[in-house]
Amino acid sequence: MNSLIHVSLKVKNKKVMIVGGGKIAERQVKRFMNAGSSVLVISPSLTERLNHWWNQGNIQWQQREVSSTESFQCDILCLVTNNHSLHHLLQLNNQHVSIIYRADDYSLSDIGFMNKIEEKHFTVAWTTHGASPIYAKILKNDIEERLPLRKYDSDLAFLEKARNMIKESTLSENLKWECLNEICTKEFLESENRSENVHKLLLSLQAKH
Ligand SMILES: C[C@@]1(CC(=O)O)C2=NC(=C\c3[nH]c(c(CCC(=O)O)c3CC(=O)O)Cc3[nH]c(c(CC(=O)O)c3CCC(=O)O)/C=C3\N/C(=C\2)[C@@H](CCC(=O)O)[C@]3(C)CC(=O)O)/[C@H]1CCC(=O)O
Ligand SMILES: NC(=O)c1ccc[n+]([C@@H]2O[C@H](COP(=O)([O-])OP(=O)(O)OC[C@H]3O[C@@H](n4cnc5c(N)ncnc54)[C@H](O)[C@@H]3O)[C@@H](O)[C@H]2O)c1
C-alpha cells in the first residue's frame, strides 16, 4: 500500500513555524516565504540569508533555543535543527499540529518536498522518496532534455483561454465536452491558426443548434 498522496498545498497566509536556523531552515523559509506564508523562525542563530530576510521584515525571529517540552500553535511545523532527539520529542508533544516536517528523517515526516521543473502553466514533479536525493537531482537534466516542456507550456497557455471561451459559450454540456476534447487533439493544436479555429469551431456548433 502506498500511504502517500501527492498534492499541491496552498500555504498562503498559513502560519509556519521553523525550529532551527541553518542551511536547511533557509531552504524551508525561502519556500514558505515565497508562497506567502507567515513564517516564524525560532533558533539561537540565523544564516546570513535568514538574517537578511529578517532584517527586511519578511520573516519573524525568536532568538532562543527550543526545549523538547514546548507546544506550538501553527499550521505547519518544520523541525530543521541538527538535533534528532529534540525533533522526536517535539513531534510527540505536538500531535495537534497536523503537518510536521522533519528534516532529519523522511520516513517520520508528514510531508516530503519533491523535485520539480516549473513552467508558467505546467509543473513536472518527481520524488525518489528519499532513496537518493542526488540521483533525483541528476534526473532533472534527463527530464529537461527528453520532454518538450516549452511546447507543453505554450499549448497550455492557448488551452486555458480556449477552455474558458468554451465554458462561457451557450453550447450544451455535451457539445462543450466535445469541444474541450477537440481542442486537445494533436491536429487541432498543430493547426495553423489555432486561436481563430476555436472561434470557428464555436460558431459552427452554435449555428447548428
Ligand atoms: C527537491 C528538493 C526539495 C527541497 O527539499 O527543497 C530536495 N532536495 C533538494 C536539494 C538538495 N538536496 C541535497 C542537496 C545537497 C547536494 C547537492 O547539492 O547536490 C541539495 C542542494 C541544496 O541543498 O541546495 C542532498 C540531500 N537531500 C536529502 C538528503 C538526505 C538527508 O538529509 O537525510 C541529502 C544528502 C545526500 C544523500 O543522503 O543522498 C534529503 C531530501 N531532499 C529532498 C528534496 C527530499 C527527497 C527527494 C527525493 O528523494 O526525490 C528529502 C528527503 C527532503 C525531504 O523532503 O524531507 C531540493 C531540490 C533543489 C533543486 O531543485 O535544486
Ligand atoms: N532535508 C534535506 O534535504 C536535508 C539535507 C541535509 C541535512 N538534512 C537534515 O537537516 C538537519 C539540519 O541541517 P542544517 O545543515 O541546516 O544544520 P545546521 O547545523 O546548519 O543548522 C542547525 C540549526 O539548528 C539550530 N538549533 C540547534 N538546536 C536548536 C534548538 N534547541 N532550538 C532551536 N534551534 C536550534 C542551530 O542554531 C542551527 O541554526 C541536519 O541535521 C539533517 O538531519 C536534511
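Order of listing sets the numbers, starting from 1, for every ligand and every atom in it.
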### Task
Could you list the atoms of ligand 2 found under 4.0 angstrom from a heavy atom of G21?
23 (C), 24 (O), 25 (C), 38 (C), 39 (O)
### Task
Could you tell me whether D155 and K186 make a salt bridge, using a distance below 4.0 angstrom between a side-chain N and a carboxylate O?
no
### Message
Using a 4.0 Å heavy-atom cut-off, which part of N83 comes near ligand 2: side chain, backbone, both, or neither?
### Response
neither
### Query
Going from CD on Q206 to OG on S172, what distance comes out if it is rounded to the nearest 0.5 angstrom?
10.5 Å
### Task
Provide, to 0.1 Å, the distance between atom 18 (P) of ligand 2 and the closest protein heavy atom, together with that atom's residue and name.
G22 CA, 4.2 Å
### Task
List the closest protein heavy-atom neighbour of atom 36 (C) of ligand 1: residue, atom name, distance to the nearest 0.1 Å.
I134 CD1, 4.0 Å
### Task
Report, in ascending order of atom number, the atoms of ligand 1 lying under 4.0 Å from any heavy atom of G112.
55 (O)
### Query
Counting each atom of ligand 2 from 1 as listed, which ones have a heavy atom of L86 under 4.0 Å away?
30 (C), 31 (N)
### Summary
Check: of E26, K137, R27, min heavy-atom distance to atom 12 (N) of ligand 1 comes from R27
### E65 neighbourhood, listing ligand 2 atoms whose heavy-atom distance to it stays under 4.0 Å
32 (N)
### Task
For K23, counting its heavy atoms only, list the atoms of ligand 1 lying under 4.0 Å from any of them.
22 (C), 23 (O), 24 (O)
### Polar atom proximity, I24 to ligand 2 (N or O, under 3.5 Å)
yes
### Message
Could you tell me if S107 and D105 have a donor-acceptor pair between their side chains, going purely by distance under 3.5 Å?
### Response
yes
### Message
Name the residue from V11, L77, L9, V16 that meets the side chain to side chain contact (heavy atoms under 4.5 Å, CB included) definition with I99.
### Response
L9
### Summary
G130 heavy atoms within 4.0 Å reach ligand 1 at atoms 48 (C), 49 (O)
### Query
Do you see a protein non-hydrogen atom under 4.0 Å from atom 33 (O) of ligand 1?
no
### Message
If we set the cut-off at 4.0 Å for heavy atoms, which region of Y106 has an atom near ligand 1: side chain, backbone, both, or neither?
### Response
side chain
### Message
I'd like to check which ligand 2 atoms, numbered from 1 as shown, lie under 4.0 Å from a non-hydrogen atom of R27.
### Response
2 (C), 3 (O)
#### Entry: atom 17 (C) of ligand 1 touched by protein (heavy atom, under 4.0 Å)
yes
### Query
Just wondering, more than 12 heavy atoms not from R150 lying within 6.0 Å of its CZ?
no
### Atoms of ligand 2, numbered as shown, that sit under 4.0 Å from any heavy atom of P44
33 (C), 34 (N), 35 (C), 37 (O)
### Query
Quick one: nearest non-hydrogen protein atom to atom 44 (C) of ligand 2, plus distance?
A103 O, 3.3 Å
### Query
G20 heavy atoms, cut-off 4.0 Å: which ligand 2 atoms fall inside?
24 (O), 25 (C), 34 (N)
### Electrostatic pair E119-K151, nearest N-O below 4.0 angstrom
no
### Message
Strictly inside 4.0 angstrom of atom 22 (C) of ligand 1, do you find any protein heavy atom?
### Response
yes
### Query
Can you check whether M114 has an N/O within less than 3.5 Å of an N/O in ligand 1?
no
### Query
Just how far is it from atom NE2 of H129 to atom CG of L4, taken to the nearest 0.5 Å?
6.0 Å
### Query
Does NZ belonging to K176 count more than 12 external heavy atoms closer than 6.0 Å?
yes
### Query
Which of parallel (below 30°), tilted (30 to 60°) and perpendicular (above 60°) describes F32 and F113?
perpendicular
### Query
For ligand 1, which atoms have a heavy atom of A136 less than 4.0 angstrom away?
50 (O)
### Task
Starting from atom 31 (N) of ligand 2, find the nearest protein heavy-atom neighbour and note its residue, name and distance.
V66 O, 3.1 Å
### Query
Are N193 and S195 close enough that some pair of their side-chain heavy atoms sits under 4.5 Å apart?
yes
### Task
May I ask you to decide whether E26 forms a salt bridge with K30, counting only side-chain N to carboxylate O separations under 4.0 Å?
no
### Query
At what distance, to the nearest 0.5 angstrom, does CD1 of I59 lie from CG of L40?
8.5 Å
### Task
Please state whether the rings of F188 and F158 are parallel, tilted or perpendicular, taking 30° and 60° as the class boundaries.
parallel
### Message
With heavy-atom distances below 4.0 Å as the criterion, list the atoms of ligand 2 near Y101.
### Response
1 (N)
#### Entry: R163/E160 salt bridge by N-O under 4.0 Å criterion
no
## Note on the structure
Closest to atom 60 (C) of ligand 1 (heavy atoms only, candidates E118, K140, R31) is K140
#### Entry: Side chain, backbone, both or neither: the part of I42 lying under 4.0 Å from ligand 2 by heavy atom
backbone
### Point-to-point distance, once rounded to the nearest 0.5 Å, from SG of C78 to CZ of R102
13.0 Å
### Message
Whether the N197 and S191 side chains hold a donor-acceptor pair (N or O, under 3.5 Å, no angle test) is what I'd like checked.
### Response
yes
#### Entry: Selection from A125, S132, P133, A103 by shortest heavy-atom distance to atom 39 (O) of ligand 1
P133
### Atoms in ligand 1 flagged as close to H129, the criterion being non-hydrogen separation under 4.0 Å
49 (O)
### Query
Which ligand 2 atoms, with their elements, are less than 4.0 angstrom from a heavy-atom of S45?
37 (O), 39 (O)
### Query
In Å, rounded to the nearest 0.5 Å, how long is the span from CD of Q91 to CG of L108?
6.0 Å
### Message
For atom 40 (C) of ligand 2, what is the closest protein heavy atom, and at what distance to 0.1 Å?
### Response
T81 O, 4.1 Å
### Query
So do L159 and C184 actually touch side chain to side chain, heavy atoms under 4.5 Å?
yes
### Residue selection (non-hydrogen contact nearest atom 2 (C) of ligand 1) among T128, N115, D104, I24
N115
### Message
Within the 3.5 Å criterion, strictly below it, is a donor on H121 or D153 matched to an acceptor on the partner's side chain?
### Response
no
### Summary
The closest protein heavy-atom partner of atom 17 (O) of ligand 2 is N82 CB, 4.4 Å
### Query
In the protein, what heavy atom is nearest to atom 3 (C) of ligand 1, and what distance, to one decimal place, separates them?
F113 CB, 3.7 Å
#### Entry: contact_flag Y101 ligand 1 heavy-atom lt 4.0 Å
yes
